[in-house]
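One structure is given below, encoded as structure tokens.
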Amino acid sequence: MLKGGIPIGRLFGVSLRLHYSWFVIFAVVTWSLTANYFPVQFPDWNLGLSLLAGVVTSLLFFGSILAHELMHSIIGNALGIPVHEITLFIFGGVAQMSEEPKRPKDEFRMAIAGPLTSLAIGGVFWAIYFLIADGWEFARAVSYWLGLINVFLAVFNLIPGFPLDGGRVLRSILWWRSQNLRTATRTASNVGRAVGFLFVFGGVFLIFQGLLFNGLWLALIGWFLERAAVGSYRQISLQDALKGHSASEVMTRDCPTVDPELTVDRLVNDQILAQGRRCFPVASDDQVLGLVTLHNVKSIPRELWPTRTMRQAMTPFDKLKSVPPTEDLSSVLKVLTESNINQVLVVEDDSIVGVIGRDNLLSFINIRSELGA
Ligand SMILES: [Zn+2]
């Protein structure tokens, strides 16, 4: 869901990235600490000292969010729910899971790990605050605020609306009790939407109270939560609808091989328009070189059709992914999404028996939902 951003390194096998929107929130937090919080708490500080405290505190704050997400990832990886990437963005951080937990117990552990980490970090900063002698005002000020914000993070994330951690905890409990992931997800995501709407109303209320910035911010977070709740539920129902069905059920079977030197206009006239075919493995001497689909054809300007060959139009074999005909459709969707590709080959005994595109999956789902199956 979050494409783009700057890679900043790897920790415990997880790559860390800063989304472009993160720089906005980093600047806002640093500025509000420097210009508002520290000058009010410590009127005798000069601007340089406030700025230094602002930058240090802000960096440690985002380090705390990273630790929170990292703990989700470490626990996830230990439980066999792979997390390859953490992205910090304008609303915090996300650990991007490539699949959903298989057991309620795993989901519970993975979800609760984040807020517990924030709580622990908050405790450490408050311990530092209480242990430091009175003279060390700078260190005390920084650690007090960090203790507060980490406890706030823990509490905020425990709000029981999916996809917040608390929503995942709620879902895991509902799932454990009903043994039904789909209804558990629907309930947790509805609570998530309700929380989102409450935030939006709260934000509007604050705006009318004259707290323009805080109100706007709360409303934006609410809007983001509501959208994320809807999106997560859709994603899960999609996986659910596809699960238990195999690649051979939806693949396009009629895929004649074509010669690499065939031109695009010949393909369009002789095969696509005349026979209604949509996918063409490009082969010479029984060796498959690549694949041409309608998608490839559409990306070539019409005036180039007489001169472009299959070899130029195709997606080369090494850029293609393949699955066996027995592969579960939910895994096929995962392959398409993770590799950001539009089709996979269905291969059995080294020969191509079919092709699955995103459109095959979509029409499969549409037909089934229309029939109520
Ligand atoms: Zn979390």
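Not measured: the values here are computed from a predicted model.
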Pairwise side-chain contact, [X] with [Y], heavy-atom cut-off 4.5 Å (strictly under):
{"X": "Thr263", "Y": "Pro306", "answer": "no"}
{"X": "Asn77", "Y": "Pro82", "answer": "yes"}
{"X": "Arg193", "Y": "Val230", "answer": "yes"}
{"X": "Val29", "Y": "Leu33", "answer": "yes"}
{"X": "Ile300", "Y": "Gln312", "answer": "no"}
{"X": "Arg168", "Y": "Arg171", "answer": "yes"}
{"X": "Phe317", "Y": "Leu289", "answer": "no"}
{"X": "Gln343", "Y": "Thr315", "answer": "yes"}

I'd like to know whether Asp359 forms a side-chain contact (heavy atoms from CB on, under 4.5 Å) with Leu294, so could you lay out the CA-CA distance, the side-chain angles of the two residues, the decisive distance to 0.1 Å, and finally the verdict. CA-CA 11 Å; Asp359 47 343; Leu294 279 188; over 6 Å; no
Should His245 and Phe364 be marked as a side-chain contact (heavy atoms from CB on, under 4.5 Å) after you check the CA-CA gap, both sets of side-chain angles, and the distance that decides it? CA-CA 10 Å; His245 296 277; Phe364 175 79; 3.5 Å; yes
Let me check something: do [X] and [Y] share a hydrophobic cluster, defined by ILVMFWY side-chain heavy atoms less than 4.5 Å apart, either directly or through other members?
{"X": "Val195", "Y": "Leu216", "result": "no"}
{"X": "Val355", "Y": "Val353", "result": "no"}
{"X": "Leu304", "Y": "Val264", "result": "yes"}

State yes or no: are the ring centers of Phe108 and Trp176 separated by less than 6.0 Å? no
Mind checking whether Trp145 and Phe61 have ring centres under 6.0 Å apart? yes
Parallel under 30°, tilted from 30 to 60°, perpendicular over 60°: which one fits the rings of [X] and [Y]?
{"X": "Phe89", "Y": "His19", "result": "perpendicular"}
{"X": "Tyr144", "Y": "Tyr129", "result": "tilted"}
{"X": "Phe62", "Y": "Trp22", "result": "perpendicular"}
{"X": "His72", "Y": "His68", "result": "perpendicular"}

Counting only heavy atoms not in Phe201, do more than 12 fall under 6.0 Å of its CZ? no
Can you list the steps and then say if Asn150 with Trp126 is a side-chain contact (heavy atoms from CB on, under 4.5 Å)? CA-CA 10 Å; Asn150 273 291; Trp126 268 345; over 6 Å; no
Under 3.5 Å, is there a donor on one side chain and an acceptor on the other for Asn296 and Thr293? yes
Taking all non-hydrogen atoms of both residues into account, name the closest pair between Pro260 and Val282 and its distance. CA-CG1, 3.6 Å
Of the non-hydrogen atoms in Gly354 and Met251, which two are nearest, and what is the gap between them? CA-SD, 4.1 Å
